[in-house]
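Naming: A, B, ... by sequence-line order, numbering from 1 per chain.
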There are 2 protein chains.
Amino acid sequence: MTRSEENYLKTIFHLGGGDSKSITTNAIAEQMETKPSSVTDMAKRLSEKGLVDYVRYQGVSLTDAGVKTALSIIRKHRLWEVFLVKKLDFTWDEVHEVAEQLEHIKSEKLIDKIDELLDFPKYDPHGDPIPTKDGKFQERDEKLLSEIPINSQGVCVGVKDSSVPFLKFLDKNKIALGNTIKVMDKEDFDNSLRIQMEGKEMRISHQIAANLYVKKND
Amino acid sequence: MTRSEENYLKTIFHLGGGDSKSITTNAIAEQMETKPSSVTDMAKRLSEKGLVDYVRYQGVSLTDAGVKTALSIIRKHRLWEVFLVKKLDFTWDEVHEVAEQLEHIKSEKLIDKIDELLDFPKYDPHGDPIPTKDGKFQERDEKLLSEIPINSQGVCVGVKDSSVPFLKFLDKNKIALGNTIKVMDKEDFDNSLRIQMEGKEMRISHQIAANLYVKKND
DNA sequence: ATTTAAATTTAGACAAAACTAAAAATAGAT
DNA sequence: ATCTATTTTTAGTTTTGTCTAAATTTAAAT
């Protein structure tokens with residue numbers, strides 16, 4: 001299992017290829033910032049190895065073995081992210097790049113010990129669930145902030161977009177996971193929201209609200 | 001700087017190529033379990049990049065830039081070894097393989113934070129000195145146990161051979177870094193030693209004594 | 001049912017890093 | 001000084017992972 005193969009499996013999983021849905025080479029190429037022809041080559045290789053089902057001109061989907069491998073890499077990525085934040089004081093916008101490297105370290109003992117050191121966390125710093133050793137996800141009943149009705153409230157539990165600019169924006173506006181947010185009002189014109197958070201009121205655009213996951217209280 | 005290039009620089013350094021001594025392609029190939037022809041190819045590449053001086057049929061030595069790079073990799077390797085032992089309860093015979101992977105992670109912040117987390121250790125689990133950020137070694141006045149005279153004693157501070165079998169042998173015989181060892185007697189016939197350690201007396205072969213570093217007390 | 005546009009694959013090339021086999025240079029022995 | 005034996009390099013090949021350009025297939029539109 002090479003580093004590149006692992007990255008392809010991870011990407012296919014993130015694009016939904018774990019649910020036996022066919023992902024096009026174009027979609028994969030775009031996500032990985034590479035060319036569709038390169039993806040075709042890799043699709044053949046992964047297919048040979050029994051990690052994906054590949055039908056020419058149709059796309060790829062992960063086999064059971066492929067899902068298992070993808071989940072183990074995602075598990076490592078997210079555990080390392082927690083480690084970087086909790087033990088080394090990285091900020092949540094700094095961890096991704098380093099975790100992209102650490103996720104490829106091959107040592108089962110290492111990642112199990114990291115898991116233990118962190119006291120078996122269930123979510124990474126962006127609120128994404130960490131698969132268990134046997135590949136199970138703990139799903140959470142979460143909704144996008146943009147989709148809950150006026151006057152309802154919830155706890156902020158995750159971000160959909162975990163790009164550096166978005167995370168920095170949230171920091172600057174003191175929006176953090178764990179905060180309770182109440183939707184006071186919606187503006188029909190631009191879908192912006194008036195919210196109350198930690199005692200203060202503020203207005204946020206639809207684009208922000210559509211990238212914040214909350215767990216509803218009432 | 002590819003992983004392979006880093007491994008070559010590290011090996012050349014360990015073979016003494018940091019002291020502007022010429023290391024033969026054969027010696028490097030043997031150490032890295034590869035072929036001399038492969039080493040020649042790499043020697044040319046590293047030479048192009050200004051990391052080694054390479055003279056055909058003579059061998060290679062590290063340039064200043066090459067030494068600097070080699071030390072930074074060795075620093076990372078040894079810090080990760082300390083991390084694995086101190087924070088994740090790895091044994092000293094388990095750390096090398098994983099550290100070989102971790103040493104190639106590219107993030108200055110990461111290794112500096114690991115250094116800080118470990119409280120800036122000076123030696124790795126095998127007693128090898130950890131270079132500082134600016135590439136300085138803290139040398140220690142150490143001698144091989146086989147080379148100190150009868151009736152002198154010292155503290156065990158490192159191993160010359162850090163192979164798994166040797167380390168396991170030491171564990172089995174309760175020989176650990178930090179132990180005080182006194183040389184009671186030497187056997188002319190096979191150069192074996194009678195030693196006193198932590199209150200007990202035992203006999204060890206020359207091969208063992210020649211792979212243990214001690215810091216003399218008297 | 002064609003035509004066209006878009007998506008996808010093939011073919012051929014390249015770079016990194018390795019190998020094997022053959023050629024060339026060096027060093028040691030006479 | 002010459003001849004070997006050894007070391008080292010060269011030349012050509014392989015694998016992985018990528019690319020470009022050309023060809024092919026699919027899907028959408030008339």
Taking atom types as modelled, is there a side-chain donor on [X] or [Y] under 3.5 Å from an acceptor on the other?
X	Y	result
B:Glu187	B:His206	no
A:Trp80	A:Asp124	no
B:Thr24	B:Asn26	no

Please state whether the phosphate of D:dT7, meaning OP1 or OP2, lies under 4.0 angstrom from any side-chain nitrogen or oxygen of B:Arg56.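 Checking D:dT7 against B:Arg56, no side-chain N or O comes under 4.0 Å of OP1 or OP2.
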
May I ask you to verify if any side-chain N or O of B:Tyr8 is less than 4.0 angstrom from the OP1 or OP2 atom of C:dA18?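 True: B:Tyr8 side-chain N/O within range (under 4.0 Å) of C:dA18 OP1/OP2.
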
For B:Ile195 and B:Ile204, work out which heavy atoms get closest and say how close. CD1-CD1, 4.0 Å

Nucleotide nearest A:Thr24 (side chain, heavy atoms from C-beta), chosen from C:dT8, C:dA17, D:dT9: C:dT8

Could you give the [atom1]-to-[atom2] distance, from [X] to [N], as a whole number of Å?
X	N	atom1	atom2	answer
A:Tyr57	C:dA6	OH	C1'	12 Å
A:Arg3	C:dA17	CZ	C1'	16 Å
B:Gln58	C:dA27	CD	P	6 Å
B:Ile23	D:dT7	CD1	C1'	15 Å

If each of B:Thr25 and A:Glu5 is mapped to the nucleotide of DNA chain D with the nearest heavy atom, which maps nearer the 5' terminus, i.e. the 5' end?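 Its nearest nucleotide being more 5', the pick is B:Thr25.
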
Identify, residue by residue, the members of residues 26-54 of chain B with a heavy atom below 4.0 Å from DNA chain D, and return them in order of residue number, or none.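 Residues of residues 26-54 of chain B that come under 4.0 Å of DNA chain D are, in numerical order, B:Asn26, B:Pro36, B:Ser37, B:Thr40, B:Lys44, B:Tyr54.
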
With sequence neighbours excluded, residues passing ring pair (Phe, Tyr, Trp, His ring centres under 6.0 Å) with A:His77: A:His96

Sequence-distant partners of B:Asn7, side-chain hydrogen bond (donor to acceptor under 3.5 Å, both in side chains), two or more places apart: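 B:His104.
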
